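Accompanying notes for the structure given below.
Because the structure is predicted, anything quoted here is derived from the model rather than measured. Residue numbers start from 1 in every chain, and the chains themselves are labelled A, B, ... in the order their sequence lines are given, proteins ahead of strands. Hydrogens, waters and symmetry mates are skipped; everything else that's a heavy atom, side chains included, is used.
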Amino acid sequence: MLYLKKQEERPMARNITSRSQDYSQWYLDIIKVAELADYAPVRGCMVIRPTGYALWESIQHHFDEAFKETGHVNAYFPLLIPQSFIEKEAEHVEGFAPECAVVTHAGGELLEEPLVVRPTSETVIGHMYSKWVQSWRDLPILINQWANVMRWEKRPRLFLRTSEFLWQEGHTAHSTDKEAMEETLRMLEVYRRIMTDILALPVISGEKTEGERFPGAVNTYTCETMMSDGKALQAGTTHFLGQNFARAFDIKFQNREGDLEYAWTTSWGVSTRLIGAIIMTHSDDDGLIIPPRAAPVKTVILPISSDAEKLENELLPRAVEISSSLNTALGGRFTTVDRQFHLRPGDRFFHHLQRGVPLRLELGEKDLTKGTVRAVRRDTGEKMDIPIETLSEKIPLLLEEIQSTLFNRALDFRKAKTVSASTYEELKQGLSGDGGFVETWFAGGSAGEQKIKEETGATARCIPLEDSSTGKCIITGEEGAPKVIFAKAY
RNA sequence: CGGGGCGUAGCGCAGUCUGGUUAGCGCACCUGCUUUGGGAGCAGGGGGUCGAAGGUUCGAAUCCUUUCGCCCCGACCA
């Protein structure tokens with residue numbers, strides 16, 4: 001709502017349902033129009049189309065770099081997991097069994113032991129770690145894998161909840177609980193930083209409450225973010241697994257004193273859900289908006305002329321030239337030249353606008369005469385003429401400005417949609433409106449969470465790490481309850 | 001799994017109640033001409049076993065039975 005004003009002055013996109021009319025349909029329309037994904041023949045599965053996949057690769061790149069900077073290495077573990085593995089950790093089975101797809105036949109025969117299509121890999125990886133770890137010198141193990149996983153979801157939603165999705169799962173093993181806990185929080189911070197700095201998602205990092213913990217974890221941490229309908233989205237999680245999986249899979253090592261000890265493990269992941277987060281945080285009624293630092297295509301140059309001859313021989317070569325110098329300035333292949341000359345300018349504008357390209361550069365005869373290009377910002381619609389010789393210097397700055405505009409816009413929105421409650425009544429009231437976060441004091445445990453969920457539809461999102469203040473629990477009335485954010489969530 | 005909606009051209013739909021020529025319309029697509037700095041106009045054209053199976057009938061997109069799938073809203077989840 002905050003940023004509808006500008007858009008209303010322009011003609012509305014005719015192929016996108018407006019956000020205010022039907023938020024879910026708007027979300028689906030964006031995905032369709034921007035050609036991010038399409039439904040696959042199997043229910044709950046999606047095809048990530050080239051535009052969507054390019055965005056994923058870009059996201060992947062930023063996270064992968066950060067993982068490597070923090071000493072992690074990539075590896076690959078198999079898709080199929082013996083069913084007995086999943087059953088080794090009590091809470092883990094309970095949590096995942098209902099959504100597992102199981103392979104019972106192969107090679108035309110019934111398998112002796114059914115194989116589970118991985119819903120996550122703690123178990124196989126635990127099994128392998130137990131083989132690889134003997135001494136404290138073998139620790140820590142800091143491995144990440146980029147993979148697909150499958151969770152048979154009752155109600156799929158493109159990017160947010162599909163039966164198969166792509167993600168990254170980090171799995172580490174340490175010799176002390178302190179070190180494992182540090183790792184858990186370090187990766188949470190890596191997530192927070194990239195989401196904030198690159199994806200322009202204002203996130204609140206915090207600890208999950210009892211009721212929201214990963215099955216088998218001692219502690220779960222999260223980066224929670226608010227979508228433009230006021231609902232919360234868990235954008236990434238890290239888990240301190242204690243010795244639970246080490247016990248289940250016998251990951252033991254001999255310490256410096258010669259005693260055998262179970263290792264301490266962690267796991268952490270972000271998925272293609274982040275694409276959903278980007279869509280629902282930044283996009284508008286005209287289509288997708290991608291923050292420049294995350295965008296696979298940061299600027300597009302459109303040579304424009306009614307004169308086919310000039311278009312081909314003067315404007316296009318100039319555009320290609322500008323594109324390559326911009327790519328040098330931006331340090332990558334982030335600029336493209338639009339050659340859809342069979343379309344009229346308006347169609348070409350909309351094409352890129354709806355795909356979320358942060359900055360459009362129009363190069364027409366008038367511009368060439370003046371020695372400028374017409375730049376149009378995706379986030380504000382603002383137009384400006386920029387001298388060609390200053391482009392290499394100006395464009396990167398402009399992109400950074402768009403980046404921060406998008407972040408601040410989203411942050412302001414979240415702040416405006418966040419209220420505090422110090423009684424249960426206030427909480428209910430805060431949750432009764434059109435979405436948003438409610439901060440409150442809570443120490444009511446799973447039962448309290450259940451009650452709130454039943455009565456308001458909202459769940460505990462997290463206990464924010466940055467806020468260690470305490471107060472009187474709205475359910476039990478006891479003092480010293482931590483601050484907890486409640487919201488309706490995806 | 002519960003509630004609601006929908007399957008007819010690539011997309012969006014009309015036609016179904018009340019069976020009857022060759023199944024229509026808009027957008028998109030192809031060809032030509034005129035256009036071209038925020039979604040062009042005219043003319044011509046291609047594209048369908050009406051979700052599937054069975055049944056009723058001289059005749060089924062339309063009626064009956066069964067079935068499959070998809071979307072939306074809930075319970076479960078990154």
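- Between the C1' atom of B:A75 and the CD atom of A:E455 lies a distance of 16 Å, rounded to the nearest Å.
- Side-chain contact check for A:R461 and A:T459: at least one donor-acceptor pair (N or O, by modelled atom type) lies under 3.5 Å.
- For A:F349 and B:G38, the ring-to-base geometry does not satisfy the stacking test (centroid distance below 5.5 Å, interplanar angle below 30°).
- A close approach under 4.0 Å does not occur between any side-chain nitrogen or oxygen of A:R155 and OP1 or OP2 of B:C76.
- Regarding A:D338, its CG atom lies at a distance of 15 Å from the P atom of B:G38, rounded to whole Å.
- At whole-Å resolution of the value, NE2 in A:H342 and C1' in B:A40 are 15 Å apart.
- Ring geometry for A:W167 versus A:F165: interplanar angle over 60°, hence perpendicular rather than tilted (30 to 60°).
- Side-chain atoms of A:F165 lie closest to B:A78 of the nucleotides B:G37, B:A78, B:G12.
- Here the P atom of nucleotide B:G37 and the CG atom of A:D307 are 14 Å apart, to the nearest Å.
- In this structure, A:R344 places its CZ atom 13 Å from C1' of B:G37, rounding to the nearest Å.
- Residue A:Q354 contributes atom CD, which lies 14 Å from atom C1' of B:C11 at whole-angstrom precision.
- Phosphate proximity of B:C71 to A:S24: absent, as no side-chain N or O sits under 4.0 Å from OP1 or OP2.
- For A:K383 and B:G38, the shortest distance from a side-chain N or O to OP1 or OP2 is not below 4.0 Å.
- The aromatic rings of A:F85 and A:H127 sit tilted relative to each other, their planes meeting at an angle between 30° and 60°.
- One can place CG of A:N148 at 18 Å from P of B:A78, the figure rounded to the nearest angstrom.
- Salt-bridge formation is detected for the pair A:R192/A:E189: a Lys NZ or Arg NE/NH1/NH2 atom is positioned less than 4.0 Å from an Asp or Glu carboxylate oxygen.
- Atom NZ in A:K208 sits roughly 11 Å away from atom P in B:C77 (whole-Å rounding).
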